[in-house]
Amino acid sequence: MSATLETPAKNYELRPKLSDDGETELLEVSMGPHHPSTHGVFRMDVVLDGERVVRLKPVFGYLHRNHEKIAEGTSYLSSMPYTDRLDYFCSLTNNWAYALAVEKLAGLQVPERAEYIRVITAELTRLQNHTCLIGFLMQDMGALGTPLMYAFREREKILDLFEALTGARMMCNYMRFGGCRVDLPPGWLAAAQRIVDEYPRFLDEFETLLSGNEIIIARSQGIGVLPRELAVNAGITGPVARAAGVDYDLRKVDKYGIYDRFSFRVPLGDHGDTYDRYMIRILEMRESLKILQQALKDIPAGPIIDPKAKLRGFRPKAGEAYGRIEAPKGELGFYLISDGGPNPFRYRVRPPSFINLTVLEDMCLGNTIADAVITLGSVDIVLGEVDR
Amino acid sequence: MATARTSQDCLTNVETLEQIKDRITHVLPGARLEIVPNESPSGQRSLLVDHEHAGAIATFLRDDAELRLDYCSNATGVDWPEAVVKTKIKKPVVTDGVEKEVEETVDALRSGYLEAVYHLYSVAKKHGPVILRLRTGNRTDKVTLPSLTPVWRSCEYQEREIFDLFGIKFAGHPDLRRILMWDGFVDHPMRKDYVEPDDFEYEPTPHDAVLERAKTHYPSEVKT
Amino acid sequence: MTEALDQIFVTLKHWLVSLCPAEFQVLASIVLSVAPILMVFPGLFALVTVIERKGLGRIQNRYGPNRVGPFGFLQFVADGIKALIKEDVVPRRADKVIHFLAPLALVLPCVVVYAVLPFGRNMTLTELDAGLLFFFAVGASTELAVFMAGWSSRNKYSLFGAMRAIAQMISYEIPLILSAVSVVMIAGSLSLPKIVAAQGTYGGWLPDWFVFTPWGLAGFLLFMIAASAESNRAPFDLPEGESEIIAGYYIEYSGFKFALFFLGEYLGLFAISGLAITLFLGGWNAPLESLAWIPSWAWFFTKLIALILLFIWTRGTLPRLRQDQLMNFAWKFMLPLTLINLVAAALWHYIPAGFTRWFMCGLMVVGPYCLLGRGIAGKDKTSKRVYRFAD
Amino acid sequence: MLGEGIIKGMGETARNFLGSYVSKKRLTTLQYPEERAPQFPNARQFPFLVYDGEDPEQGLRCVSCQICEKECPPKCIYIVKSKDKRVDYKGQMQFYPATFNIDISVCMSCQICVEVCPFESIKMDTEFELSSTDRFAGLLVRKPQLAKSNDHYRKIHPHDAAESDAALAAEVAKVQAKAKADAEAKAKAAAAKVAPAAPPPEATLAK
């Protein structure tokens, strides 16, 4: 284990001072909380030598509303709409992670059709999250909104699907313990199939615009490098870890839900830089489309919720459970302790973007301030989830 | 316990929690370990670890060739306040000359403590979780636990969060500061006995307790 | 008729001047020459802001502004009113005098450079013999204004922006001027009307514009790249760097001062586009002899709008470079290429017309471009990355 | 060669620029006040209380059981139970809400209240233009504003309304059957309480 892993963070008390050669003065800049590219109310306390980053401390908590405390004071069901607001881009995967944890805790079975619906909605969520993230990343690189608008254009279509199914575009609040809330409306599968069929063409267009662009290559290759060992040790998950070459996808490892029924591959990067993180997301979207094609073809008829599941007066037996899924941003886990009451005794969210921020400083040191911005963009954080 | 690997809940492909415990006590003879049962259908039992050997046990779990628990997924705190625990005990009672087993609930006072829980997985071997627990002496002054950040870097922010929200101090943490609450904040909001200040939410809502509090706190500004 | 239409503004001015008493005729002539510029180009600025927003909108599959006036073309009025009635915030610890002067100091040179641009036949405000030199000399003084803004705001971001702007503008000034020098070599004059006149003939199926020669095309492209860097347009808008340093040197400006910065920036853009037209695109000359009946000033403005659309198009497509890459690009790519381009222009001058001239000159341009391009991109980066999959 | 990717990208944006004039599919913007997106049948915005018949006060289905108040995640519902009872749609004596307020500034449109309601009495509306200039009083929606007729529900959610009507009809039938059985068992020929007109079992789908 290298020394950097043993003593991760530098002493916080370091103040801006003359740099080692004693000639230039270090400049401390507070980037955020209202900075256009910090993706919400996030602050980076950066010390710069010229434009090079010498120290970078993420500061957050501006959006902290103590979701966990609120959840401990209310019933299991009432926390479900709050999970929408964790990672507000991917409310359906948040729902799923929470539902999964509660199902483990209470031993509920999910009917087959509901599992298929969950996979379809989760993969659609992954599609729109990755698309938008790439748009935001390009926005951080200064592409003036064009890729972002294309991403939003496609996302609108997926959000239309979500609205038709769940009644809301972003705060879906759709999954329930032991299944889903409502069945698919008529024509929904056909609409989803249409979007899935059209998506590869959009991805091709997107790649023509971005993947080969010399400026993007120059800006992102070799920037924000995350070594594989550090990624594992620091608990980095999701596309960020896979771009660093960590073969760890919970859809393959845990095979939660019915993911063992679908054939798809896990793309891995070798460099762990910003470009890899971008490309891994593109490739993941293509794999998601494969899953969607299979799921849309195979979805059976049947009930959508476990008949044992209770909406009112749900009291799981005392005990604890940790359930996790592969959310678009990484491993999203819920840790629940029940004392037999109607409220969880302990409710904990393991947010991927929060833990992925651990290595932000390591990735940014030595790069310029402009690189720090795109490195942050490529980590894909959502402050609703970081601060909770 | 069956070692059969289900799709979701497995410990490791090779060992049960008892075997892991035996291996640890074999390698670290002084270590005091205890398996914490879990009644829920998830069946995720955990390993209670003592303070002195926590670092060594963690390093062993990470570096052992069989286990390779190189990835600490989740680290969190739990607050167990002082509480009366009802336990059912079967007791022989002689009634009418016949001895019968009668269940009786016994109230026991559980002293309060804080707990840090670590969920460990292996990226290399793709198994898990092995759950570690560390308990503090009480909830007031003996709240120091050894930090596992030197072993798993992913605990860095999570232990800071536990410190912030529960008030467990982690000895050996490189940068133990508040992370979600602001620096001037004094209490630990995730503790069960935390009382929110009466002005914590300025925006009053009709029919809310907040409104009443706000009226006393900001009499001139609150209408309705 | 054609002649009259072409010279309509010139005759109009002469007629108006002749109405004045003799002692005021010089003054009237000056006013009547300056006032149209002061009206037309800010007007064009207003129009271009709308066109840019609509164009970018369409590129991004949006409508763009379409509410104020017909097709949203009065959006600039709303924007102007908004800018005027906005609170003018000056940071408490800013250097107030310089903070106030900076936007003015930016706009002034941007207006002054129009003095030497030929907008049409006989439509040059002052026919300086060293007009090109004047243009570059005055145009370069905007850098001072940018630094004044950045420094006086007393903000770390604005300081960053100012430092970036200075580094970038000074670096790109050199390729800008050097690529223009090749034109001077061929035309043999620093006077802009004479450069236009040198492109005024028609031979073969292409007009004799400098852009239709190998060195001219290369020079034009280099000039345009340098010009977009000079005027802080994407992909060289680092001094503003909205996602990194928020708005760079004008972060602390609000209301009308901010609008003035915008105005200055766009006036600079029009001026430099006008210069590119004059140097490479035949100035106010028509592209075909048969189209020469369309007035010369109309051709100038058509070309100007076309170039502006090109700028908008690039802005809608490209992300931003990084500071060190920007400097590398200027010094390691642009500068050598412009120097080689000078040699190419010299060859063009000395080799008699024919295929050999085209071939030699083209080789002089394309060869170094490929070599330097590979150098600047880096060998490992030109190869496409391959990704592996876990099962 | 250097610049190839940039040229391709420029081509792509040009295609989108022209495409936005040609194909309506590329242009996803709606000109909001004039154009409106079609409402999806599942759309949910803000809850309302369903009443049967003509009188919003008498026909209110809510029996003030306060389950929604307890389950509401942000606790935006405020109910005061009535002191007296009155006859409900099933013909039984029930409490009714003396006060039923929802704080719209707190409500997050999650639909939990609808799901937990055992009496089919609170449903989600699709009205979304709910802004108000009065920050406190204007954002507190009271019972008269909340009460909307079942016809309205049938109009906005025809499918769900049909289901809920059927469920209610079944329940009413059950109650009536039980009452009848009771009456027969006790052999009392007294005039049975006439239940108020039950809602029609089949909803007329007004689209």
Side-chain angles (χ1 to χ4, degrees), chain C residues 51-67 71-72 217-218 221-222 224-225 228 234-236 309-321 325 328-329 332-334 336-337 365-379 381-385, chain D residues 1-46 104-105 107-110 124-139 156 207:
Chain C
I51 292 179
E52 171 148 30
R53 289 173 61 181
K54 286 182 88 76
L56 281 179
R58 284 294 175 166
I59 283 177
Q60 296 167 4
N61 296 328
R62 298 183 283 115
Y63 284 105
N66 62 351
R67 294 274 161 165
F71 299 103
L217 181 65
L221 292 175
L222 289 168
M224 287 304 279
I225 293 171
S228 57
F236 304 105
L309 291 181
L310 187 69
F311 276 118
I312 293 172
W313 185 14
T314 23
R315 184 167 179 223
T317 309
L318 297 181
R320 181 183 304 128
L321 280 162
Q325 289 164 348
N328 275 346
F329 191 69
K332 294 186 184 163
F333 182 78
M334 299 277 286
L337 268 190
V365 171
V366 177
Y369 173 78
C370 291
L371 288 175
L372 282 170
R374 182 157 293 195
I376 196 95
K379 275 190 197 70
K381 283 171 187 168
T382 43
S383 63
K384 226 178 161 185
R385 282 194 183 175
Chain D
M1 207 171 73
L2 184 71
E4 201 184 325
I6 291 176
I7 304 282
K8 273 189 195 161
M10 301 275 282
E12 192 55 50
T13 43
R15 224 152 63 85
N16 273 288
F17 177 79
L18 298 174
S20 74
Y21 286 99
V22 179
S23 126
K24 190 73 188 155
K25 241 171 78 183
R26 285 196 187 272
L27 217 53
T28 47
T29 319
L30 283 178
Q31 298 290 304
Y32 161 59
E34 298 93 25
E35 282 181 83
R36 273 151 198 273
Q39 283 272 6
F40 290 102
N42 281 343
R44 56 183 153 99
Q45 297 298 339
F46 189 66
I104 199 169
S105 65
C107 174
M108 57 188 193
S109 309
C110 65
M124 289 311 259
D125 205 348
T126 50
E127 171 70 38
F128 56 90
E129 285 144 325
L130 299 163
S131 55
S132 162
T133 48
D134 184 358
R135 182 167 148 218
F136 292 110
L139 295 176
I156 56 173
K207 181 84 187 181

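No experiment lies behind these values; they were computed from the predicted model shown. Protein chains get the first letters and strands the later ones, always in sequence-line order, with residue 1 at the start of each.
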- Message: Need one label for D:E12: side chain, backbone, both or neither, based on atoms under 4.5 Å from any heavy atom in chain C.
- Response: neither

- Query: In terms of heavy-atom pairs under 4.5 Å, which option from D:I6, D:L27, D:T29 contacts chain C the most?
  - Reply: D:L27

- Query: How many angstroms lie between atom OG1 of D:T13 and atom CG of C:L318, to the nearest 0.5 angstrom?
  - Reply: 8.0 Å

- Query: Crowded around C:F71 CZ? As in, over 12 foreign heavy atoms under 6.0 Å?
  - Reply: no

- Query: Is the closest side-chain heavy-atom distance between C:T314 and D:M10 below 4.5 Å?
  - Reply: yes

- Item | Where C:N61 and D:S20 come nearest, the two heavy atoms and their spacing | OD1-CB, 3.6 Å

- Message: For C:I59, which atoms come within 4.5 Å of any heavy atom of chain D: side chain, backbone, both, or neither?
- Response: both

- Task: Tell me, please, which residues at least two apart from D:E34 pass side chain to side chain donor-acceptor pair (under 3.5 Å).
- Result: C:R67

- Task: Could you pull out the closest heavy-atom pair between D:A14 and C:W313, with the gap in Å?
- Result: CB-CZ2, 3.6 Å

- Note on the structure: Taken to the nearest 0.5 Å, the spacing of D:N16 CG from C:R58 CZ works out to 11.5 Å

- Note on the structure: CZ (D:F17) and CG (C:L309) are apart, to the nearest 0.5 Å, by 7.5 Å

